[in-house]
Protein chains: 2
Amino acid sequence: PPGRKVLIVYAHQEPKSLNGSLKRVAVEELSKQGCSVTVSDLYAMQFEPRATRNDIVGCLHNSEEFNYGVETWEAYKRGGLSSDLIEEQKKVQEADLLIFQFPLYWFSMPAIMKGWMDRVLVQGFAHEFPNCYDSGLLKNKLALFSFTTGGSREMYAKEGISGDIRYLLWPMQHGIMHFCGVKVLAPHICFAPEYVSEEKRKEMLTAWAQRLKTLWKEEPINCSPEWYFK
Amino acid sequence: PPGRKVLIVYAHQEPKSLNGSLKRVAVEELSKQGCSVTVSDLYAMQFEPRATRNDIVGCLHNSEEFNYGVETWEAYKRGGLSSDLIEEQKKVQEADLLIFQFPLYWFSMPAIMKGWMDRVLVQGFAHEFPNCYDSGLLKNKLALFSFTTGGSREMYAKEGISGDIRYLLWPMQHGIMHFCGVKVLAPHICFAPEYVSEEKRKEMLTAWAQRLKTLWKEEPINCSPEWYFK
C-alpha cells in the first residue's frame, strides 16, 4: 500500500540471473503499489562481509582484547560505527518489510549476505538483552527470504536426500530475524531454476509478481520449532 | 597418531580470545601426538569471503551471463582458480581432519568462514553430481565444528528459547560437510564463555585438550535427520 517502505537486500553477481529478475520484479510490483523501495545490491556495493576492528571509528572500549560484539555495541551507542553500517541501519530502521533475495549457497545465504547480518544487526540496534525474540528491537517489521536453489524440490522433501527445506530456514528465520523481533512471512523458493526450461523460469517470475500483489494481507508464519521440524 | 594431517580453519579477530586459546590448545596437543597441523587463520589472512569473478583467472566460460558455480567448476578443471583458492584446496586435500574453530554468529559461522566454504569447496573439487553425500569427493576425511556461543546451554536446550543446538548444526554439518562426503565428529561447544569465571574458561581449555587425546578413536556421528531433529 502507498507509503509502505521496503528494503531489498540482494546478493547476486549477475543482473541477468533469475535472482536479478526476481529482484527487478519485486521493485516494479511494489513500486506500482505505491511502496517506496530501496535496494542494497551487495555485490555491486562491494559490501564488506568481514567483522573487524575497521567497523569501529576511533578508540576501542577495550584495546587490550578485541571483542567484536562488545565493541560494536559500544560504538553503536556513541554513534561510532563505520559509515557503511550506519547507512544500512538507517535503511533497516525505515523499512516495514525486508526482502532477502539470494541463491542458496551451502544450505544458507552467500557469505556476502551473512556478513550483512553479522555487521548490520549489532547489539543496541537490533537486539539488546533481554530485548530479543518477541521483544527484539526490530519488532513491527516483516521479513521474507526469497531464494533459488541448486537442488530440486524432491531433494528438499522431508524424506529427500537434503531433508526438508524448512530445516535450513531455522538459523536464518528464527536465529536471525525472529531473534531481532522481526515477524517472518513464508519463504519464496524457486527450486533448481538452472535445470528447467526458459518458460518455467518465466512462470517463476510471474508467480512471484502475483504473490507480491497480496503480500500485505499475509499473516506471518508461527516461527517456532513446530513450523520447522514438526 | 604420527603422520596424520590436520587443517584448522580458524575465524577469530583476537588471539587472546577463548577461540584463540582453543586453537592454540589444538595445535599443541595434536602436534604432540605427531600430527602435522596447518592453520588457516582467516582474519589474519584477510581471507576474501565474496564469491566473485575475481576467483577465475583468465577468460570466462560464458562471459554473457556470469554463473559462479559453473565458472568455478570450469576454472577448477583447467587449473584456473585464483591462487588463494588453490592454496586452500591443497590444504584440504592433504588433511585427514578439518577442525573449524569459531564463535557462533547468528546461529551459524562468521561470514569470513562461510566465504571459505562458498569459495573453496567448488564443484569438481569437493563434489560433482552424482558424487555428493556419502560419495562426495572429500570422503575419507573427518570434520569437527568447535565453537563458542553467546547464549547459555539452557537457551540451546530442546525446550529453550533458541531451540536445540543441534538444529543449527544441520546446514553446517549435513549441508556442507556431509554433502562433500566428509564424516562428522561430534561438535565441541563452549557455551557462553563470556559469562563464566576465568576458572571455568580454563576448564573449557582443559576439556578440549583432553578430548583431543582420544579424538582418533571417536566414531563419526550418524549424520541423518534423526541425529538433529529426533
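Below, read A as the first sequence line, B as the second, and so on, with proteins coming before strands; counting in each chain starts at 1.
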Enclosure of A/Lys183 NZ (heavy-atom neighbours >12, cutoff 6.0 Å): no
Contacting region of B/Met109 [heavy-atom separation from chain A under 4.5 Å]: backbone
Atom pair NE2 (B/His174) and OH (A/Tyr167), whose distance is rounded to the nearest 0.5 Å: 9.5 Å
Spatial distance of atom CZ (A/Phe229) from atom NZ (B/Lys158) [nearest 0.5 Å]: 9.5 Å
Value rounded to 0.5 Å, distance of CD in A/Glu48 from CD1 in B/Ile112: 8.0 Å
Least distance between heavy atoms, B/Glu64 atom then A/Glu14 atom: O-OE1, 4.2 Å
Residue pair A/His12 / B/Phe66: nearest heavy atoms and the distance that separates them: CE1-O, 4.2 Å
Pairwise distance CE(B/Met117) to CZ(A/Phe107) - rounded to 0.5 angstrom: 13.5 Å
Residue A/Arg53 excluded, over 12 heavy atoms near CZ under 6.0 Å: yes
Spacing of CH2 belonging to B/Trp170 relative to CG belonging to A/Leu168, to within rounding of 0.5 Å: 9.0 Å
Distance, nearest 0.5 Å, that separates OH of A/Tyr68 from OH of B/Tyr105: 7.0 Å
Heavy-atom pairs under 4.5 Å with chain A, option from B/Gly150, B/Ser108, B/Pro103, B/Gly175 with the top count: B/Gly175
Most contacts with chain A, counted as non-hydrogen pairs under 4.5 angstrom, among B/Leu42, B/Leu121, B/Val70, B/Ile161: B/Ile161
Portion of A/His178 that has a non-hydrogen atom of chain B nearer than 4.5 angstrom: neither
Over 12 non-hydrogen atoms of neighbours within 6.0 angstrom of CD in B/Glu159: no
Heavy-atom donor-acceptor pair, A/Asp118 side chain to B/Ala111 backbone, under 3.5 Å: yes
Heavy-atom pair of closest approach, residues A/Ala51 and B/Tyr43: O-CE2, 3.3 Å
Atom of B/Glu65, atom of A/Lys16 and distance for their closest heavy-atom approach: OE2-O, 3.6 Å
Max heavy-atom pair count under 4.5 Å with chain B, selected residue of A/Gly69, A/Ser162, A/Gly115, A/Pro110: A/Ser162
Top contributor to chain B interface from A/Lys114, A/Arg119, A/Met172 [non-hydrogen pairs under 4.5 Å]: A/Lys114
Atom CZ of B/Arg153 with >12 non-hydrogen neighbours under 6.0 angstrom: no
A/Arg50 side chain to B/Phe47 backbone, donor-acceptor under 3.5 Å: yes
Greater than 12 external heavy atoms within 6.0 Å of B/Lys139's NZ: yes
A/Asn67 versus B/Glu194, side-chain donor and acceptor atoms under 3.5 Å: yes
Closest non-hydrogen atom pair, A/Trp106 against B/Cys180: CH2-SG, 3.5 Å
